[in-house]
Amino acid sequence: MAKDKKKKPQRPKAQNPRGFRDYFGAEVTERNAMLSRITEVYHAYGFDPLESPAVETVEALGKFLPDVDRPNEGVFAWQDDEDWVALRYDLTAPLARVYAQYRNELPTPYRRYSVGPVWRNEKPGPGRFRQFYQCDADTVGTPTVAADAEICGMLSDALEAVGIECGDYVVRVNNRKVLNGVMEVAGILDLSEPERFTTERGIVLRAIDKLDRLGPDGVRALLGKGRKDESGDYTDGANLSDEQTDIIMNFMDARRDDGAATCVRLRELVSASEIGMTGVLELETIAELSEAQGYGSDRILIDPSVVRGLGYYTGPVFEAELTFEILDEKGRPRQFGSVAGGGRYDDLVKRFTGQEVPATGISIGVDRLLAALREKSFKNNSEAGPVLVTVMDRDRMVDYQTIVAELRNAGLRAEVYLGNPKNFGNQLKYADTRNAPVAVIQGSDERDRGVVQIKDLALGKALAANIQSNEEWKAQPAQFEVARAELVDAIKKMIERANG
RNA sequence: GCCGACGUAGCUCAGUAGGUUAGAGCACUAGAUUGUGGAUCUAGGGGUCCCCCGUUCGAGCCGGGGCGUCGGUACCA
């Protein structure tokens, strides 16, 4: 083909790198509003804000050492002189570093919250990005279960503070020690040989975590021989015997009507295991404390089927789940599922100091929670636009800029039209696309008479709902005239009325 | 990682037994109409038809390979 007819410049593709996305207008303001409500709750519980850099040394992040072959596995890492550094992949590892570094100056227990983006160098999936927000609160330096119970209560408060009502969510609590007890009873945990059966335990953990998605039969398959999914992919199972599988399945099914009854059932299941009994005791304490603070089982629920997939938890684990259903675009019911998770991890700081530092905390999945809120509030993501000051005479920009400055000084969001003012209609079209509530118009005629025209665009739009023909539309100006001096007050009133 | 669908303008998509200069709607820009918003008219800009190799006189279309997007599944500090 004769492609050489005209030499064309190679244009850069206007596209973000895979796994990263852009956030516009309301997406950003809504998220900010949500985060500030959550952090207010954290703050009220006595937690201090902490802002640490987005970049940490790879050494401090742990686990992923600068392997020459694949230094970027999991994280975005690069070499800074001799040292390897990386973007943080969560907010917990930086906390461990900060606590170890400043342990002499920080109070113990140290309670802090942290909000910000984190990065993971992984293949992005549906709804999963390589940059996303986390909103964490952790208590470092105390082993008391009261700290865990407090985190659960605080999570409950935070969810209600952002507008999720009691009954539309539940904080489910379990304890890894109970699970370990069950595995001990099932014969896949031997405390004298902790390394044995690590693979099996990992599979069991992840299998239980998938209960809601795969159902009991799917989990049973994963505990036994393994499972083949619809796409033909095969997942290895833990190869447990039927008896062992039953023990695990009984455990997942141990939930009763209230925390006390569930704990009674758990005692039966793990009575042969010391660590299991310790775990049950902790669960009972959490249930008791929660109850005493007014969080009934409609808010905080002991649920043995919660395990969290991750391996580093050592005690209580929590998960907040939204329970209301949403119909997707095809009318099928869909659940939002987990929006926050956390638990106790007692070994993170040890890497730095050599001392055991128990810690417990929670991480809220900001983007998921935001999506849920948006669905629930009927996607009102049409943010109010600015007041638009139109340009009738292009050599009177000074006048228009004066008006806009007055509006801004009065606390109103406002802008002057900066496009080509030649076609006045285009200015109002622009106001429409900006979702502007009001347009201000002043031509030479109005200027001479010391007045301005105020056009109520929101009202006009509302009136237009019943309008069929273009003539009728034109006949409803939804517009009035005020003295120039009263401009700001008039608009202020209009906007207040519209909001109110 | 594995399975599947898809890849043509900024967006949504047409297209053809392989055949000149690849189209539409929306969006954008500019002019008709010298001061009034949703569907007035006209014109214009904008494309390596995902990339490479092959078949062919000729490939957006056919074949092979690759990359990417989306969905499912696995993994996830």
Side-chain angles (χ1 to χ4, degrees), chain A residues 1-11 13-19 56 58 60-65 73-75 86 88-94 96 118 120-128 130 202-203 206-207 209-210 213-214 218 222 226-236 308-313 345 347-348 351 363 388 390-394 419-436 438-447 453-465 467-470 472-479:
Chain A
M1 258 299 248
K3 294 264 188 201
D4 51 359
K5 59 192 170 197
K6 203 199 284 181
K7 274 207 186 100
K8 291 194 177 145
Q10 185 79 1
R11 293 197 172 83
K13 251 195 258 169
Q15 185 159 39
N16 34 19
R18 58 183 305 220
E56 295 277 345
V58 164
L61 286 176
K63 185 154 180 178
F64 287 89
L65 299 169
E73 186 69 12
V75 296
R88 64 186 178 199
Y89 57 76
D90 70 8
L91 298 175
T92 310
V118 301
R120 294 191 187 178
N121 191 2
E122 290 168 345
K123 187 186 145 194
R128 300 187 57 188
R130 298 206 285 183
I203 293 174
R206 292 190 291 273
D209 203 35
K210 287 176 189 131
R213 196 152 43 81
L214 302 181
L222 284 175
R227 175 175 174 275
K228 188 185 240 174
D229 63 52
E230 301 113 42
S231 65
D233 202 10
Y234 187 76
T235 312
D236 280 335
R308 311 278 307 149
L310 308 182
Y312 66 88
Y313 291 116
Y345 47 93
D347 286 333
L348 275 185
R351 281 207 343 266
S363 180
L388 181 73
T390 57
V391 175
M392 200 63 94
D393 305 316
R394 60 171 84 201
N420 184 346
K422 190 163 196 169
N423 187 344
F424 190 78
N426 279 346
Q427 302 195 36
L428 294 176
K429 276 186 198 165
Y430 172 80
D432 256 357
T433 66
R434 293 302 315 277
N435 199 25
V438 176
V440 175
I441 305 165
Q442 190 192 46
S444 51
D445 177 42
E446 284 86 4
R447 197 260 321 264
Q453 301 282 346
I454 299 181
K455 195 174 187 62
D456 189 334
L457 296 167
L459 177 63
K461 202 176 272 179
L463 290 175
I467 287 180
Q468 308 295 327
S469 75
N470 204 11
E472 279 181 88
W473 169 269
K474 299 276 186 204
Q476 55 89 25
Q479 177 174 333

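So that the names make sense, note that chain A is the first sequence line, chain B the second, and so on, each numbered from 1. What you see is a predicted model, and the numbers here were worked out from it, not measured in a lab.
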Check: Between B:A74, B:G37, B:U36, which nucleotide has the shortest distance from any of its atoms to the side chain of A:Leu214?
Finding: B:A74
Determine the contact category for [X]: base if any of its heavy atoms lies under 4.0 Å from a base atom, sugar-phosphate if only primed atoms, P, OP1 or OP2 are that close, otherwise nothing.
{"X": "A:Thr92", "answer": "nothing"}
{"X": "A:Gln427", "answer": "nothing"}
{"X": "A:Asn423", "answer": "nothing"}
{"X": "A:Arg434", "answer": "nothing"}

Atom [atom1], compared across [N] and [M]: separation rounded to whole Å:
{"N": "B:G7", "M": "B:G15", "atom1": "C1'", "answer": "15 Å"}
{"N": "B:C13", "M": "B:C6", "atom1": "C1'", "answer": "13 Å"}
{"N": "B:G45", "M": "B:U55", "atom1": "P", "answer": "38 Å"}
{"N": "B:A17", "M": "B:U33", "atom1": "P", "answer": "46 Å"}
{"N": "B:U20", "M": "B:C11", "atom1": "C1'", "answer": "30 Å"}
{"N": "B:A32", "M": "B:G71", "atom1": "C1'", "answer": "49 Å"}
{"N": "B:U21", "M": "B:C2", "atom1": "C1'", "answer": "46 Å"}
{"N": "B:A27", "M": "B:G46", "atom1": "C1'", "answer": "12 Å"}

Taking only the side-chain nitrogens and oxygens of [X], find out if one of them lies under 4.0 Å from OP1 or OP2 of [N].
{"X": "A:Lys210", "N": "B:C75", "answer": "yes"}
{"X": "A:Asn426", "N": "B:U29", "answer": "no"}
{"X": "A:Arg206", "N": "B:C76", "answer": "yes"}
{"X": "A:Arg18", "N": "B:C70", "answer": "no"}
{"X": "A:Arg213", "N": "B:A74", "answer": "yes"}

Look through every strand shown and name the nucleotide pairing with [N] as Watson-Crick or G-U wobble, where both distances are under 3.5 Å.
{"N": "B:C49", "answer": "none"}
{"N": "B:G10", "answer": "B:C26"}
{"N": "B:G1", "answer": "B:U73"}
{"N": "B:C62", "answer": "B:G54"}
{"N": "B:A17", "answer": "none"}
{"N": "B:G37", "answer": "none"}

Distance, rounded to the nearest Å, where [X] contributes [atom1] and [N] contributes [atom2]:
{"X": "A:Glu446", "N": "B:G35", "atom1": "CD", "atom2": "P", "result": "13 Å"}
{"X": "A:Asp90", "N": "B:C76", "atom1": "CG", "atom2": "C1'", "result": "12 Å"}
{"X": "A:Tyr430", "N": "B:U29", "atom1": "OH", "atom2": "P", "result": "11 Å"}
{"X": "A:Asp393", "N": "B:U36", "atom1": "CG", "atom2": "P", "result": "13 Å"}
{"X": "A:Asn435", "N": "B:G37", "atom1": "CG", "atom2": "P", "result": "18 Å"}
{"X": "A:Asn420", "N": "B:U34", "atom1": "CG", "atom2": "P", "result": "14 Å"}
{"X": "A:Arg447", "N": "B:G35", "atom1": "CZ", "atom2": "C1'", "result": "14 Å"}
{"X": "A:Leu459", "N": "B:U36", "atom1": "CG", "atom2": "C1'", "result": "15 Å"}

Specify the closest pair of heavy atoms between [X] and [Y], including all atoms of both residues, with the distance to one decimal.
{"X": "A:Arg88", "Y": "A:Pro94", "result": "CB-CG, 4.2 Å"}
{"X": "A:Tyr430", "Y": "A:Leu388", "result": "CE2-CD1, 3.8 Å"}
{"X": "A:Leu348", "Y": "A:Thr92", "result": "CD1-CG2, 3.3 Å"}
{"X": "A:Leu457", "Y": "A:Val438", "result": "CD1-C, 4.0 Å"}

Point-to-point distance, once rounded to the nearest 0.5 Å, from [atom1] of [X] to [atom2] of [Y]:
{"X": "A:Asn426", "Y": "A:Thr433", "atom1": "CG", "atom2": "OG1", "value": "10.5 Å"}
{"X": "A:Tyr89", "Y": "A:Asn121", "atom1": "OH", "atom2": "CG", "value": "14.0 Å"}
{"X": "A:Gln479", "Y": "A:Asp456", "atom1": "CD", "atom2": "CG", "value": "10.0 Å"}

Next item on the list: Would you kindly compare A:Lys429 and A:Met392 by the position of their nearest RNA chain B nucleotide and give the one closer to the 5′ end?
Entry: A:Met392
Next item on the list: Specify the residue among A:Gly425 and A:Lys422 whose closest nucleotide of RNA chain B lies further upstream toward the 5′ end.
Entry: A:Lys422
Next item on the list: Assess whether one donor atom and one acceptor atom, taken from the side chain of A:Gln453 and the base of B:U36, lie less than 3.5 Å apart.
Entry: no
Margin query: If only side-chain N and O atoms count, and only distance matters, is there a donor-acceptor pair under 3.5 Å linking A:Gln453 with A:Gln442?
Written below: no
